[in-house]
Structure formats: structure tokens, C-alpha cells
Amino acid sequence: MRAALWFLALFGAAVALALFAGNNQGTVTVFWPPYRVDLSLNLVVVLLLGGFTLLYAALRGLSALLQLPLQARRWRLQQKERAMHGALLDALSQMLAGRFLRARKAAESAIEQEKALEDARHGLPHGRQLRTLAHLVAAESSHALQDRSTRESHLQLALDSIPERGPASILELREGAQLRAARWSLDERDASTALERLSALPAGTARRTLALRARLKATRLSHMTEQALETARLLGKHRAFSPAAAESIVRGLAVELINGAHDPSQLQRIWLGLESAERAMPEIAVQAAQRLSRLGGEAAQVRAWLLPVWERMVDPAQPALPDQQALKVVQALEASLEGLDAPWLARIEAAQQANPRDARLQYLSAVACMQRELWGKAQHLFAQAAQQLRDAPLRASAWRHLAELAGQRGDGAAAAHAWQQAALQHAAD
């Protein structure tokens, strides 16, 4: 449709021109004494149009001629800019390919070309970012080559190229450089320097997953277990690890923190600092209870810490504890039965009656009966447990208690037999 309209307009113009030029009788007379020149109006119009066209072409040609030096300079700068970008791309490619020496040379070449453009007063709008990236590539390559002095030099130049305040795109480069520097320090197992560089990050950047991973490693290297535990919690909330891995890391750090306690008050503070889900973990609760018992803490407090794990162990609706964990719970409770109160005695007896074939519960109930001076019931339960227990330490302890009870009754033969069985169990263990 558009082409048809153009044709119609062209034909209309041709008809109008033919009508004007075909019947135009006008003339133009030019007097140049002593001459007189008569020209037709059509010729004058043609001459005017031709003269205008010739003058316009001459002016354009002169302008192009005068622009040649500027065009040549612009072309040279464009070639330098392309070479600079090519050098940076080559540096990145060589670094990814593991050719770190070539990568560093290419990055330094890009830096030199960017500086030449800056000196020629033809700086690029993104020249600062490009220069910083080139310095970081050179620093990364130097780190891989174990050239620490060159790495630190390029890192400082990269940081000096970026102001502490500015657009977000520029500030992100500075944060990236600081994160990379922290990772380099961790590779050298220099945890203090890594933590110093991480502390210089803004609050928002410091909570990113990459920064938290670096902080976790640095705090663990520095044996700052409490800070490492807090960082591991944040990483778990950010889903930086799988749930199982996050739970394992938190559990290990909590146990390490508990083992580092030197008195009951410090251990109490650590325990209160744990989250409820962490205190419910059997490994953490048992370790804390055992540590408190070794530090001379109150037995009632030990039992209070073990109560959630105990309820989970005896509840048939809950998943069964692993065999080793259940054994540790029984051993931890046995060590804390001094001054046993009636509620705990009722709990143990109820659990043993609900699971009469569980030899460990029989053993624990027997120990509880001994604490309450129920000698006959204790002897009966110990005798049953000694025959059924599969755990050598508990079996030896059951025979030892039977020997003590027999000694109290004055039954020397039974006491000797029990002591002999206890010795055999210790030897087998």
C-alpha cells in the first residue's frame, strides 16, 4: 500500500512539472552593460538547482577533508579500546584455563591500555570497573602462583580504584575484592587477617552466603567456637547446606563448645545460649549432661537437661534413638541418679514396666532402686539385666552391683561369683 502511494505521488509530481515546464513562457533577462542575456525561466531554475547541488557537494567534501585527522584519532582510540577489552577477556579465559602466568600478563596489558586511554583524555565511562576487574584477575592469578607480594599490590590498587561511596555497581566491585581477599587469607590459613577483612564488609554484604561461609571457616580456624556456631546457624537459615549437613555442623560446634567449658557456671551459660532445637538433640544433651557431671554440677540439673532426650527414648511414637545414643543416655542418667527424687523414680519405673524386655531400662531401674535403698527389687532387676544386656560396660557394672548387694547380705559365695563375672566382662570389653 505504501509503495502504491509513493508511485501516485511520483506521477502527480511528474505531471505538475510537465505542466509547469511545458507551457512556461517566462524569461529572465540579465543586463550586463553593454550586454543583454535572455534566458528561459526553466533554464534558470535548472541552473539554480545545479549550482546549489554543486555548492553543497563541495562543502561536504571540504568538511570530510577537515575531519580526516579527527577520524584517524578516533579510529586509533577505538582500536586501543578494543585491544583493552580483548586483553581482559583473554586474561579471564587464561585464568579459567589454569594458565595463571599468561592471565596475569594479559590483565596487566589491559591495565596499561586503560591507563593510556586515560592519559589521552579519552577515559571510558566504565574504565574504573574495567581497571578494577583487571587488577583482581592479576591478583587472583598471582595468588594461584603463590606470589603474595604481587597479589597484595594488585589488590591494593584495585581497592584504591574504587571509592568507598558511589553507585551500587562500583561498590559491589569493592565488596567482591574484599571477599576474594578473605578467601585468599583462608587458603593460607591466616584466619585473623580473613576475619579482619570480613569485618570491613558492610552489614548487608557480611550476611551473604559467601561471606558467611568464609566467616565460618575463619572462626573455626581461630577456635572461636561460639561465633562459628552463630554463623553456622545463619547459614542453615539461608539454606547454604542441606538440612542434614547443617544439623551435623551445628551439632559438632555445639559439642565442641560444651567440651570447652571449665566450670558449671560457664557450661550453664553455654547451655542457655543454645536454641531449643539444639538442646533437644540427643548428642548435645548427653554431652552437656556428661560434661556437667564431670565438672561437679548438680545431679538434678543433669537430669533436667536429659529429660527431653529421655522422653523421646521411651516414647514409642517417636523414632527410636540409635543404639549408641541410647547407651549414652542410660550411662549419663546412671551418673546423675544421686539424690534421685520421686518424679524421676516414677518415670524410670514406668518406662521399665512399659518395656519389660528392655535390659537397659531394667539396669537403670535397678540403679534407681539402689539409690532409694530398695535392695531386694534392685537385686532382682540387676540379676535379670546381667543376663540380657548386650553392652559389656553395663553388664560388668550390673555384676559389680550384684557383688556389692551380696556383700551387704553377707553372701560371700554369691559376691565372689558376681565379682568374677564382672572381671570377665571387663576383660571382654
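The residues of the chain are indexed from 1 along the displayed sequence. Excluded from the calculations below are hydrogen atoms, water molecules and symmetry mates; all remaining heavy atoms, backbone and side chain alike, are included.
- Once rounded to the nearest 0.5 Å, the distance linking CD of Gln129 with CD of Glu114 reads 10.0 Å.
- There is a side-chain donor-acceptor pair under 3.5 Å between Thr205 and Glu175.
- By the 4.5 Å heavy-atom criterion applied to side chains, Thr132 and Arg174 are not counted as neighbours.
- Side chain of Arg220 to main chain of Ala228: no donor-acceptor pair is present (N/O by atom type, distance under 3.5 Å, no hydrogens or angles).
- Tested against His154, the residues Arg104, Glu140, His135, His143 include a single side-chain hydrogen bond (donor to acceptor under 3.5 Å, both in side chains) partner, His135.
- Taking 4.5 Å as the limit, some side-chain heavy atom of Arg131 sits within range of a side-chain heavy atom of Arg128.
- Looking only at distances, a side-chain donor or acceptor of Ser199 sits under 3.5 Å from a matching main-chain atom of Leu195.
- In terms of modelled atom types and a separation under 3.5 Å, the side chain of Thr53 and the main chain of Leu49 share a donor-acceptor contact.
- We find that Glu112 and Lys115 are not joined by a salt bridge, their nearest charged nitrogen and carboxylate oxygen being 4.0 Å or further apart.
- Of the inter-residue distances, the one linking Leu198 atom CG with Arg183 atom CZ reads 9.5 Å to the nearest 0.5 angstrom.
- Using a 4.5 Å heavy-atom threshold, the side chains of Trp305 and Gln268 count as touching.
- The nearest pair of heavy atoms linking Glu226 to Leu257 is N-CD1, 3.9 Å.
- Proximity of a side-chain donor or acceptor of His85 to a complementary backbone N or O of Ala83 within less than 3.5 Å is not detected.
- Side chain of Thr231 to backbone of Gln227: a donor-acceptor contact under 3.5 angstrom is found.
- Arg279 has its side chain within reach of Trp271: a pair of non-hydrogen atoms, C-beta onward, lies under 4.5 Å apart.
- Under the rule for a side chain to side chain contact (heavy atoms under 4.5 Å, CB included), the partners of Ala246 that lie at least two apart in sequence or sit in another chain are Phe241.
- Here the CZ-CZ distance, from Arg208 to Arg213, works out to 15.5 Å after rounding to the nearest 0.5 Å.
- Using a 4.5 Å cut-off on side-chain heavy atoms (C-beta onward), Gln301 and Pro264 make no contact.
- In this structure, Tyr56 and Leu59 have side chains that are not in contact, with every pair of non-hydrogen atoms separated by 4.5 Å or more.
- Within the 4.5 Å cutoff, side-chain heavy atoms of Leu274 are placed close to those of Leu229.
- Side-chain contact of Ser185 with Asp187: a donor-acceptor pair under 3.5 Å is absent, judged by distance alone.
- Taking the side chain as every heavy atom from C-beta outward, Glu256 and Asn259 never approach each other to under 4.5 Å.
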